[in-house]
Amino acid sequence: MSERIATRIDGLTLTLSNLDKPLFPSGFTKGELISYYVGVADAMLPHLRDRAVTRVRCPDGTAGPSFYEKNVPPGAPDWVDTVDVATSAGTVTYVTAHRTADLVWLANLAAVELHTPQWLIHDATDSPDGLLLSGEHEPRATTLIVDLDPGPGITPADSARAAIRAATVLAEVGLVAHPKTSGNKGIQLTVPIQPTPASVVHAFATALAQHLARSHPSMYVATMSKEARANLVFVDYGQNLAARNTVTAYSVRGLDEPSVATPLTWDEVAALRPDSVLRTSPTQALDRVQRLGDLWAATLPTAASPSLPSPDF
């Protein structure tokens, strides 16, 4: 029988179990995952708040089967907030996370990864079946994502050059990009924008990807074919679709050892070498937050965020 421990967080009672269970082959346990999410909560929660949360759950650890979970799981506490979203496959009831207790509850379910869309719940239009993802009332995205996925043969230094060049193109049209690691091998750029229909943002991202691939064919590729990605960086524009999501800043990734999707400074990007490692451990991520604060705060929507220009590349 698994050991269960009751605790109170944010005035709520949670029952935790199997805290000593390793979730990673490296030995990193569920208790350590929970402890990390408690420690990073103040920095992470602003980037989860008011967004539907998709989880990657690894109930038998990251070496075992994992699955994406969108619907609220059976047995969720009644204090967990949810939002209904109308999709082509029917209504999905997502969970939301705005308290440390929410993060602890999710981590206790072995929800290692947390992913969110680019739109806010309050910027979407409700219907009897939930928030609408398409049509004239589609959600308004508050961020543009440029996901730079390195193909075989691409080094961290190559990824850095690709990120800097993409950010330069964005700067030329008045957009400021902020870099973070994906938690694995790639670099993702986030651009805060005024709320904009998700289909418009996706069209802009598509045009940007095509422009980069056309202007710098020895660096980028804009096609999804994996066979075409050798020695190139794939500009994944699809994450800007209303139905898609991106790993949230400070989320752990379900790899062989725990690594965190980590906000970077541009100086850090420029300093990447071919032999650099783009993975950051939970301990290192917490240390960075203590030293640098929340570097990702600059991506939060504000009244000063720019409007998305026409994609005239």
Side-chain angles (χ1 to χ4, degrees), residues 1-24 26-62 64-85 91-117 120-122 126 130-131 245 247-254 258 260-261 281-283 285-287 289-290 294 296-297 300:
M1 181 178 295
S2 64
E3 180 183 3
R4 294 178 178 271
I5 298 174
T7 186
R8 284 187 67 80
I9 301 174
D10 297 330
L12 300 166
T13 299
L14 292 86
T15 301
L16 310 180
S17 62
N18 297 321
L19 297 183
D20 293 332
K21 179 179 181 178
L23 288 184
F24 293 79
S26 63
F28 192 83
T29 66
K30 187 202 283 190
E32 289 176 298
L33 180 71
I34 292 172
S35 179
Y36 165 73
Y37 276 126
V38 170
V40 82
D42 286 347
M44 187 177 191
L45 285 172
H47 308 292
L48 291 167
R49 190 170 291 120
D50 203 26
R51 297 185 192 270
V53 181
T54 296
R55 295 82 64 197
V56 177
R57 289 180 59 181
C58 307
D60 296 316
T62 60
S66 63
F67 60 95
Y68 277 89
E69 183 178 62
K70 295 180 181 289
N71 273 298
V72 60
D78 57 10
W79 48 260
V80 172
D81 293 323
T82 62
V83 60
D84 290 337
V85 177
T91 300
V92 175
T93 301
Y94 287 87
V95 303
T96 63
H98 57 93
R99 297 164 292 202
T100 301
D102 298 317
L103 291 178
V104 172
W105 171 69
L106 289 168
N108 188 59
L109 294 175
V112 174
E113 300 187 13
L114 306 179
H115 297 240
T116 44
L120 297 174
I121 292 168
H122 76 252
D126 208 352
L131 302 182
N245 52 69
V247 65
T248 306
Y250 305 112
S251 173
V252 177
R253 302 304 303 268
V260 174
S281 72
T283 298
L286 287 173
D287 177 69
V289 170
Q290 291 170 359
D294 176 19
W296 217 234
L300 292 172

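All of these numbers come straight from a predicted model, not from anything done at the bench.
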Can you see which heavy atom on Asn245 is nearest to which on Pro117, and at what distance? CB-N, 3.8 Å
Output side-chain donor-acceptor pairs under 3.5 Å for residues 98-107, partner residues at least two apart or in another chain, one line each.
| from | atom 1 | to | atom 2 | distance (Å) |
| --- | --- | --- | --- | --- |
| His98 | NE2 | Asp81 | OD2 | 2.6 |
| Arg99 | NE | Asp102 | OD2 | 3.3 |
| Arg99 | NH2 | Trp79 | O | 2.7 |
| Arg99 | NH2 | Asp102 | OD1 | 3.2 |
| Asp102 | OD2 | His98 | N | 2.9 |
| Asp102 | OD2 | Arg99 | N | 2.9 |

Applying side-chain contact (heavy atoms from CB on, under 4.5 Å), can you list everything that pairs with Thr248, at least two apart in sequence or on another chain? Met44, His47, Leu48, Thr116
Inter- and intrachain pairs under salt bridge (charged side-chain N to carboxylate O under 4.0 Å, His left out), touching residues 10-20, at least two apart: none
Indicate yes or no: at least one non-hydrogen side-chain atom of Glu32 is less than 4.5 angstrom from one of Pro258. no
Would you mind reporting whether Tyr36 and Val260 have side-chain heavy atoms less than 4.5 Å apart? yes
Gap between atom CG of Leu23 and atom OG of Ser66 - 0.5 Å precision: 12.0 Å
Side chains of Val53 and Val95, heavy atoms from C-beta outward: is any pair under 4.5 Å? yes
Quick one: does Ile121's side chain get under 4.5 Å of Thr96's, heavy atoms only? yes
Quick one: are Ser251 and Tyr37 in side-chain contact, heavy atoms under 4.5 Å? yes
State the CD-OG distance between Glu3 and Ser17, to the nearest 0.5 angstrom. 9.5 Å
Would you give the length of the straight line joining atom CZ of Arg55 to atom NZ of Lys70, rounded to the nearest 0.5 angstrom? 9.0 Å
